[in-house]
Structures are given as C-alpha cells and as structure tokens.
Amino acid sequence: MVYIGQGLRRDRVLELIGISKHQYYYSPKTGKRGRKKTSFTSRETSEGKVRCSNKEIVEKIKEVQKDPDTDYGYRKMTFQLRILGFIINHKKV
C-alpha cells in the first residue's frame, strides 16, 4: 500500500480506507468448494448395510415411475426409495 510506504501505520491506513485486517490479509482458497460427489449410496437389507451404485438407484427410480400412479416428484420419490431401504437424501434424488 502506498500509505504504508509513506510511513503511516497499518492500522491507521486500514481505518482510513475502511477495511478490516481480516479483509486486508484475506487470500481466497484454490480448488472447488464443498464435498465431492458420491458414487454410492447405502441400502438397508436383512444382512445389514450394503453399498449400491448410483446406476442402481436410477434404475430403481425408472422402475417406480413405470407405473402411471407413481408419477412422483423428487420429495415423494425420496420417501419411496427410503421405504425400499435406501439411505438417501432428497438432494441426491
């Protein structure tokens, strides 16, 4: 900063500019934010939890939607999959 080079203290310069020390020293993180996508989902069976691929879930959704009475949106489809034993979130559906 030009003002610091002229002999003003950092805190005074930041006060004049109107930013905090946190904003002055902030550097954004690189890479994608958040968690990585999962490619598997758990399913409750009589033997315990079993991992199922997302392709299996898509096939199960298509199977449920073949019936014209079960033209569900993502919320109802989530509950239908939970009834079938999948441990799944509505965002994944």
Side-chain angles (χ1 to χ4, degrees):
M1 296 183 118
V2 178
Y3 298 113
I4 294 174
Q6 293 176 356
L8 285 175
R9 293 189 170 267
R10 180 201 63 206
D11 292 341
R12 179 66 181 141
V13 173
L14 295 177
E15 184 181 320
L16 290 171
I17 295 173
I19 62 173
S20 67
K21 284 189 269 185
H22 299 288
Q23 291 170 322
Y24 178 66
Y25 287 110
Y26 174 77
S27 61
K29 294 176 179 63
T30 59
K32 290 188 176 183
R33 296 174 54 172
R35 295 177 67 175
K36 294 181 181 179
K37 295 179 186 176
T38 59
S39 57
F40 291 94
T41 299
S42 297
R43 182 175 185 183
E44 291 279 342
T45 62
S46 58
E47 297 91 35
K49 289 185 181 179
V50 179
R51 287 174 47 159
C52 299
S53 69
N54 287 344
K55 291 179 182 180
E56 291 180 53
I57 296 171
V58 170
E59 293 300 320
K60 189 58 84 170
I61 290 173
K62 287 179 182 179
E63 184 181 314
V64 170
Q65 286 184 335
K66 282 182 183 175
D67 184 11
D69 293 335
T70 59
D71 187 22
Y72 294 153
Y74 71 99
R75 293 276 185 182
K76 284 187 178 180
M77 183 59 70
T78 301
F79 288 106
Q80 180 64 33
L81 291 173
R82 287 181 183 173
I83 289 169
L84 296 173
F86 290 98
I87 301 171
I88 193 163
N89 192 327
H90 70 276
K91 293 178 270 186
K92 190 164 193 172
V93 173

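Here I17 contributes atom CD1 and Q23 contributes atom CD; the two are 10.5 Å apart, rounded to the nearest 0.5 Å. Note that NZ of K60 and CD of Q80 are 9.5 Å apart. Values are rounded to the nearest 0.5 Å.
Within the structure, salt bridge (charged side-chain N to carboxylate O under 4.0 Å, His left out) contacts touching residues 4-18 (residues at least two apart or in different chains) are R12-E15. The list of salt bridge (charged side-chain N to carboxylate O under 4.0 Å, His left out) pairs with a residue in residues 73-93, not counting sequence neighbours, is empty.
For the pair K49 and R43, the minimum side-chain heavy-atom distance is 4.5 Å or more. Taking 4.5 Å as the limit, every side-chain heavy atom of R51 sits out of range of all side-chain heavy atoms of T41.
Listed by chain and residue number, nothing satisfies the side-chain contact (heavy atoms from CB on, under 4.5 Å) test with S27 (two or more places apart in sequence, or in another chain). Scanning for side-chain contact (heavy atoms from CB on, under 4.5 Å) contacts around S42 gives I87, with sequence neighbours left out. Qualifying side-chain contact (heavy atoms from CB on, under 4.5 Å) partners for E47, counting only residues two or more places apart in sequence or in other chains: T45. Residues satisfying the side-chain contact (heavy atoms from CB on, under 4.5 Å) test with D71, not counting sequence neighbours, are none.
Hydrophobic side-chain contacts under 4.5 Å tie I57 into a cluster, directly or through other members, with I61, V64, Y72, Y74, M77, L81, L84, F86, I88, V93.
Linking Ile, Leu, Val, Met, Phe, Trp and Tyr residues whenever their side-chain heavy atoms come within less than 4.5 Å places L16 and L14 in a single cluster. Follow the hydrophobic side-chain contacts under 4.5 Å out from Y25 and you reach L8 in the same cluster.
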